[in-house]
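See below for the structure under consideration.
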Amino acid sequence: MLDRKFIVENSDAVKQNCYNRNVSVDVDLLVELETTRKAVAQSVQELNTAANAISKSIGSAKDSDERERLKEEGRLLREQKDAAQHHHDALDAEIHALQLHIPNMAHPDCPVGEDDKANLEISTGKHSPRKFDFKPLDHLDLGEKRGWIDFEAGAATTGNGFYFLKGDLVLLDLAVQQFAVRELVKRGFTPTITPDLARDSVLEGIGFMPRGPETQIYSIQDSDLSLIGTAEITLGGMYSGKTLASDELPIKMCGISHCYRTEAGAAGRASRGLYRVHQFTKIEMFAFTLPEQSDAMHDELRQIECDLFDAIEIPYRVVDTATGDLGGPAYRKFDLEAWMPGRGEGGEWGEVTSTSNCTDYQARRLNIRYKEKDKKGTQFVHTLNGTAFALSRALIAILENHQNADGTVNIPACLRPIMGQEKM
RNA sequence: GGACGGAUGGCUGAGUCUGGUUUAAGGCACCGGUUUUGAAAACCGGCGUAGGGGUAACUCUACCGGGGGUUCGAAUCCCUCUCUGUCCGCCA
């Protein structure tokens, strides 16, 4: 969420940003309501000051008549104060509701455009798409043929979009996780296994809308808990309400969790197999930084994603996400799109990771601050997140790129020591 | 799951029974000053967060785990939730 004062003082820029990001919010109304709210807050304060003074004088009233008279006066003032307070709270709630819909400001270098067609390719990986001398299978055909993936049993036990992984594919899945965690630990990330459920208030703080008509979130009946869609939720929530010392920053964490998404309305050939599923495992990078560190941290996260996909020998391209395709909290977002030879007719790029700099947008809602030593006051930290590996999609890339004509799959060199085999 | 405690500023810790000179005592830590060759000690002063008003000095409001209630007035009384401690039960 953006700062109200910022919105009021920069309403034109905020409106332009909403337009660029395809979000319609009545910014003028917010500015007007906020101006009124401040005036009402002022009068609440003044009434309270007067009432406090009366209350204080009652203790030293000289007789009971005097006391009763003052009590009545105090009662009246409190009633007026309560009325003003109600007015204020109603305005505040209305402003807050508008504020939640205003997206973060976008980085000045973000490509401006309506949707993902305006995304800008900025680099490619070390490996180029491979020329096959046979027709490559898509991961689902390959996985079913080899007995690695079973959607039928998943549908029977749980529902459409759920799956069982079996055999060597499980070993590969675990090896990818293990590899990612080791690499991230080397680079100063604290490995963290998080809960797979979180309070709705935490989901909202990160920018998710649980329990709405268009929600992508599974929620637990008769509780305020939901299944997380990403460890970003729990890692951010972990520090909710905290004030950090500036010299603790940056904090880098590597979250390991399952992710659950309803994926309402998504279907079709492009989301076949493991590409779009209701449950997957993700190794997630998350960082809290000082404001001046966040751009550099964003570059670092993007570079790590590149290094990881180079390591598993997958061709990819990096795109700078256009304004219209950014989520609400993101100031800037880079996606890695891996080459998936089995996707579409003859191969397509498919999103495998994304890294966002959310600046202070999430921190303001979650109330995560930092304090500089010997300085008065606190400021909001910046938060960033990035996918190391989303299992399921990383598995698609490995299966499809490293498959052989006989249905076997070569294990990328970096995973062989962990898996203990070169082929599966 | 049961019983009984507890949660107060950066830390420690009084205040809660009995609501009102308490602007939340005292101590520790920290910062500035005096003193000293330097340091320690001593002494003096400062020492929270957020929001509002003011060019500023300054000032007002809210905050004693969260939320609600009683009252003119709540750290203090009542309800509720969360966390935590001890004991009991159950358990991989």
Side-chain angles (χ1 to χ4, degrees), chain A residues 1-10 30-96 98-99 193-205 220-226 233-234 237-249 251 288 290-291 360-381:
Chain A
M1 144 176 103
L2 291 181
D3 180 35
R4 284 182 193 182
K5 202 189 273 181
F6 177 87
I7 298 170
V8 170
E9 288 170 3
N10 302 277
L30 189 152
V31 170
E32 188 188 319
L33 290 170
E34 173 63 6
T35 309
T36 313
R37 185 197 66 82
K38 275 173 77 170
V40 174
Q42 181 76 22
S43 78
V44 168
Q45 238 185 57
E46 282 160 9
L47 288 165
N48 219 8
T49 308
N52 283 346
I54 296 289
S55 293
K56 199 164 278 183
S57 72
I58 291 175
S60 53
K62 56 181 186 296
D63 55 46
S64 67
D65 277 359
E66 169 89 357
R67 195 185 310 275
E68 286 311 312
R69 195 182 59 73
L70 287 169
K71 272 193 187 180
E72 188 50 37
E73 196 176 335
R75 201 171 297 146
L76 217 70
L77 280 166
R78 298 284 175 191
E79 272 169 20
Q80 290 175 34
K81 185 219 123 189
D82 286 346
Q85 185 74 54
H86 272 108
H87 185 197
H88 173 271
D89 292 350
L91 286 167
D92 195 63
E94 203 175 336
I95 294 163
H96 189 75
L98 283 169
Q99 213 178 346
I193 294 177
T194 88
D196 286 346
L197 289 85
R199 293 182 198 281
D200 290 343
S201 60
V202 174
L203 288 266
E204 283 160 11
I220 308 293
Q221 199 170 10
D222 299 328
S223 80
D224 65 340
L225 296 176
S226 293
I233 292 165
T234 35
M238 199 176 170
Y239 284 84
S240 175
K242 294 244 179 344
T243 300
L244 305 160
S246 59
D247 54 20
E248 293 177 76
L249 299 170
I251 292 172
F288 297 101
L290 298 173
D360 60 359
Y361 192 88
Q362 294 175 327
R364 181 169 292 108
R365 237 194 275 190
L366 291 169
N367 194 23
I368 305 175
R369 298 159 181 272
Y370 71 92
K371 182 169 167 47
E372 281 180 76
K373 221 182 168 187
D374 301 330
K375 270 203 187 165
K376 281 210 165 191
T378 58
Q379 291 189 65
F380 292 109
V381 301

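Letters A, B, ... are given to chains in the order of the sequence lines, protein chains preceding strands, and every chain is numbered from 1.
Within the nucleic acid shown, A:T243 has no heavy atom closer than 4.0 Å to any nucleic acid atom.
Remark: C1' of B:G19 and NZ of A:K56 are 14 Å apart, rounded to the nearest angstrom. Atom CD of A:E372 and atom C1' of B:C31 are 17 Å apart (whole Å). Taking atom OH of residue A:Y370 and atom P of nucleotide B:U49, one finds them 14 Å apart after rounding to whole Å. The interatomic distance linking A:H86 (NE2) with B:G68 (C1') rounds to 12 Å, in whole Å. When rounded to the nearest whole Å, the span between CG of A:D82 and C1' of B:C72 equals 12 Å. For the pair A:Q45 CD and B:U59 P, the interatomic distance rounds to 15 Å; values are reported in whole Å. Rounded to whole Å, atom P of B:A50 lies 8 Å from atom NZ of A:K371. For A:I58 and B:C72, the CD1 to C1' distance is 4 Å, given to the nearest whole Å.
Here the separation of B:G85 from B:G33, taken at their P atoms, is 44 Å to the nearest Å. Spacing of P atoms, B:A40 relative to B:C30, comes out at 10 Å, to the nearest Å. Using atom P as the reference point in both B:G67 and B:A74, the two lie 15 Å apart (nearest Å). Using C1' as the reference atom, B:G66 and B:G54 are 35 Å apart when rounded to the nearest Å. If you take atom P in B:C83 and the same atom in B:U21, they sit 35 Å apart, rounded to whole Å. Rounded to the nearest Å, the gap between the P atom of B:G19 and that of B:C72 is 15 Å. Atom name C1', nucleotides B:G13 and B:A92: the rounded distance is 41 Å, in whole Å. One P atom belongs to B:G68, the other to B:G73, and the distance between them is 16 Å to the nearest Å.
B:A74 is unpaired under the criterion used here, namely a Watson-Crick or G-U wobble arrangement in which both key atom distances are under 3.5 Å. Remark: B:G9 base-pairs with no nucleotide in the shown strands. Criterion, Watson-Crick or G-U wobble with two distances under 3.5 Å. B:C63 is paired with B:G48 under the criterion used here, namely a Watson-Crick or G-U wobble arrangement in which both key atom distances are under 3.5 Å. Remark: B:C4 base-pairs with B:G85; criterion is Watson-Crick or G-U wobble with both hydrogen-bond distances under 3.5 Å.
Within the 3.5 Å criterion, the main-chain N or O of A:H88 finds no donor-acceptor partner in the side chain of A:R37. Remark: side-chain polar atoms of A:R364 are not paired, donor with acceptor, to backbone N or O of A:F380 under 3.5 angstrom. Under the 3.5 Å distance criterion, the side-chain polar atoms of A:N10 are matched with a main-chain donor or acceptor of A:F6. At least one donor-acceptor pair under 3.5 Å links the side chain of A:Q99 to the backbone N or O of A:L2.
Along RNA chain B, the nucleotide nearest A:E72 and the nucleotide nearest A:E46 are compared for position; the residue whose nucleotide lies closer to the 5' end is A:E46. Along RNA chain B, the nucleotide closest to A:T49 and the one closest to A:K38 are compared, and the more 5′ of them pairs with A:K38.
The phosphate of B:C60 has neither OP1 nor OP2 within less than 4.0 Å of any side-chain N or O from A:N48. OP1 and OP2 of B:G73 both lie 4.0 Å or more from every side-chain N or O belonging to A:N52. OP1 or OP2 of B:A50 has at least one side-chain nitrogen or oxygen of A:T378 nearer than 4.0 Å. Put simply, A:K71 has no side-chain N or O that comes within less than 4.0 Å of OP1 or OP2 on B:G73.
With respect to A:D92, the side chain to side chain contact (heavy atoms under 4.5 Å, CB included) criterion is satisfied by exactly one of A:R4, A:E34, A:H87: A:R4.
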For this session: Could you walk me through whether A:K71 and A:E68 pass the side chain to side chain contact (heavy atoms under 4.5 Å, CB included) test, one step at a time?
Result: CA-CA 5 Å; A:K71 272 193 187 180; A:E68 286 311 312; 3.8 Å; yes
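Listed nucleotides: B:A62, B:G53, B:G20. Nearest to the side chain of A:S55: B:G20. When each of B:A50, B:U61, B:G52 is scored by its nearest atom to the side-chain atoms of A:R369, the top-ranked nucleotide is B:A50.
A salt bridge links A:R69 with A:E73; the closest basic N to acidic carboxylate O contact falls under 4.0 Å.
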